[in-house]
Protein chains: 2
Amino acid sequence: MFQNIRAYYFRLMPHLTEAEWQALEERLTIKIYIKGDHIVKQGEVCNQVYFINSGFLRFYKIIDGKEISTGFMGANQYVSSYDSFLTRKPAFENLQALEDAELHCLSYDDMQFLYKQYPVYQMFGRVIAEQLFIWVNERTNALLLLSPEQRYENMINNQSEVLQRVPQYMLASYIGVTPEHLSRIRKKMMGR
Amino acid sequence: MFQNIRAYYFRLMPHLTEAEWQALEERLTIKIYIKGDHIVKQGEVCNQVYFINSGFLRFYKIIDGKEISTGFMGANQYVSSYDSFLTRKPAFENLQALEDAELHCLSYDDMQFLYKQYPVYQMFGRVIAEQLFIWVNERTNALLLLSPEQRYENMINNQSEVLQRVPQYMLASYIGVTPEHLSRIRKKMMGR
DNA sequence: TATACTTCTTAACATTTATCAAAGGGAAAT
DNA sequence: ATTTCCCTTTGATAAATGTTAAGAAGTATA
């Protein structure tokens, strides 16, 4: 049932015991979403962290009536409106299934329980937060230091799965340009 | 000697014991930097986390021969080239004292020791990483969703200390525009 | 199949921001 | 007091990106 997420945890924490794992496993729930469904809506507090067993998700928000995609995640990744989850404040973003998805869910209360009862999960929380920090930090640098064209090239080189699964107009807003401009960038890059 | 950082830790972890604190305290070292000094240089691995007891620091990097400031930090803040510290890879950024500074330092090895020996510090590492994530996440959103003018307004409202301590051309690169353009933004905002 | 719908492309034009150059102002040094 | 240096402002021009509108290509739906 939980092979993928189990492998994920044991890879991250090789010394995790079966007892510790079971304390987690018995708190996991499974949710199925179909394409287009919302897992978290802007304005709600996010009460879960999700492990993507299968499917493909995105974060997006509406600004001035326009959709702006802010992240894409596929199978075997952890995902959450983590700032909302941590601060217990309403989420700024929507989390949506771009393809049918099976998620394994852990609630905020259960996670706090695990933190308290099993110190090893403090380490898990630390490593997750560290990875998220590293990831967001890279994204900030890309937005501050690279041109839209360079950001698109980065995606081609490092996130080709996203390119294949996501319509171009979502990509455009993720890169920080209009769909029309991304189209021009692609044309300009054709020769290479 | 270590009142400030001590208060910081106990505020973050009210149940910290004296024994746990002392294990940390005896591993702290003090370093003094004068205005202009580099604490971490681009290309070096960052081996310390720093607590700013006094002074003012910035991160910056050189791109195409131009300086771009990527962060400013003042007293009673934690600071580190944290992605380099975590990944043990060379830092992408320079960390520099903009004013004379006294830093309290903890090495990577000592931190790993504390993580292993005192589980409470796993929680500390988690909370630090979580705070960093929330902070960088906000910055990403500002860069993706706000205009340069709005980003400058944000700094006026939320980081006025930075405005007072940092020359305008450093601010400009932090906001993501040229110094000339920031000057025009300021002119345009004069009326309000 | 026909129709509607969504996405992508293209073009003309508008706006924002960068670049380059020069001048002004203030602080530190002589 | 004068000079020098660094920072900021200003102006003219150029480059990058957004906006609007239209059409093309592909896909789902009746």
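Numbers restart at 1 for each chain; the letters A, B, ... are given by sequence-line order, proteins then strands.
- Of the charged side-chain nitrogens involved, at least one lies within less than 4.0 Å of a carboxylate oxygen, so that B/E149 and B/K188 count as a salt-bridged pair.
- Across the protein-nucleic acid pair, B/L171 atom CG and D/dC6 atom P stand 20 Å apart, rounded to whole Å.
- Comparing atom distances between the A/E180 side chain and each of D/dG11, D/dT20, C/dT7 picks out D/dT20 as nearest.
- Listed candidates were D/dC7, D/dG18, C/dT19. Nearest to the side chain of A/H181 is D/dG18.
- Distances shorter than 4.0 Å separate none of the side-chain N or O atoms of B/T178 from OP1 or OP2 on C/dT17.
- D/dT8 atom P lies 12 Å from atom CG of B/L163, rounded to whole Å.
- Between A/R186 and C/dC8, a side-chain N or O to OP1/OP2 separation shorter than 4.0 Å is absent.
- In this entry the distance linking NZ of B/K35 with C1' of C/dA27 reads 11 Å, nearest Å.
- At the phosphate of C/dT6, neither OP1 nor OP2 sits under 4.0 Å from any side-chain N or O atom of A/Q168.
- A sub-4.0 Å separation between OP1 or OP2 of C/dA11 and a side-chain N or O of A/K187 is present.
- The closest donor-acceptor contact from the side chain of B/R151 to the backbone of B/L146 lies under 3.5 Å.
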Practice problem: Applying side chain to side chain donor-acceptor pair (under 3.5 Å), run through A/R88 and A/N47 and close with a yes or a no. | Solution: CA-CA 8 Å; A/R88 317 309 297 146; A/N47 281 312; 2.3 Å; yes
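- The interatomic distance linking A/I175 (CD1) with D/dT17 (P) rounds to 12 Å, in whole Å.
- The closest side-chain donor-acceptor pair between A/E67 and A/S173, if any, does not fall under 3.5 angstrom.
- For the pair A/L182 CG and D/dG18 C1', the computed distance is 14 Å after rounding to whole Å.
- Distances from the side chain of B/Y169 to the nucleotides D/dG11, D/dC7, D/dG18 place D/dC7 closest.
- When rounded to the nearest whole Å, the span between CD1 of B/I185 and C1' of C/dA18 equals 12 Å.
- Heavy-atom nearest nucleotides on DNA chain D were determined for B/M170 and for B/R184, and the one closer to the 5' end corresponds to B/M170.
- Within the nucleic acid shown, B/P148 comes within 4.0 Å of sugar-phosphate atoms alone, with no base atom in reach, counting heavy atoms only.
- Minimum atom distance to the side chain of A/S183 is reached by C/dT10, of the listed D/dT17, D/dC7, C/dT10.
- The number of heavy-atom neighbours closer than 6.0 Å to CZ of B/F92, taken from other residues, nucleotides and ligands shown, is 12 or below.
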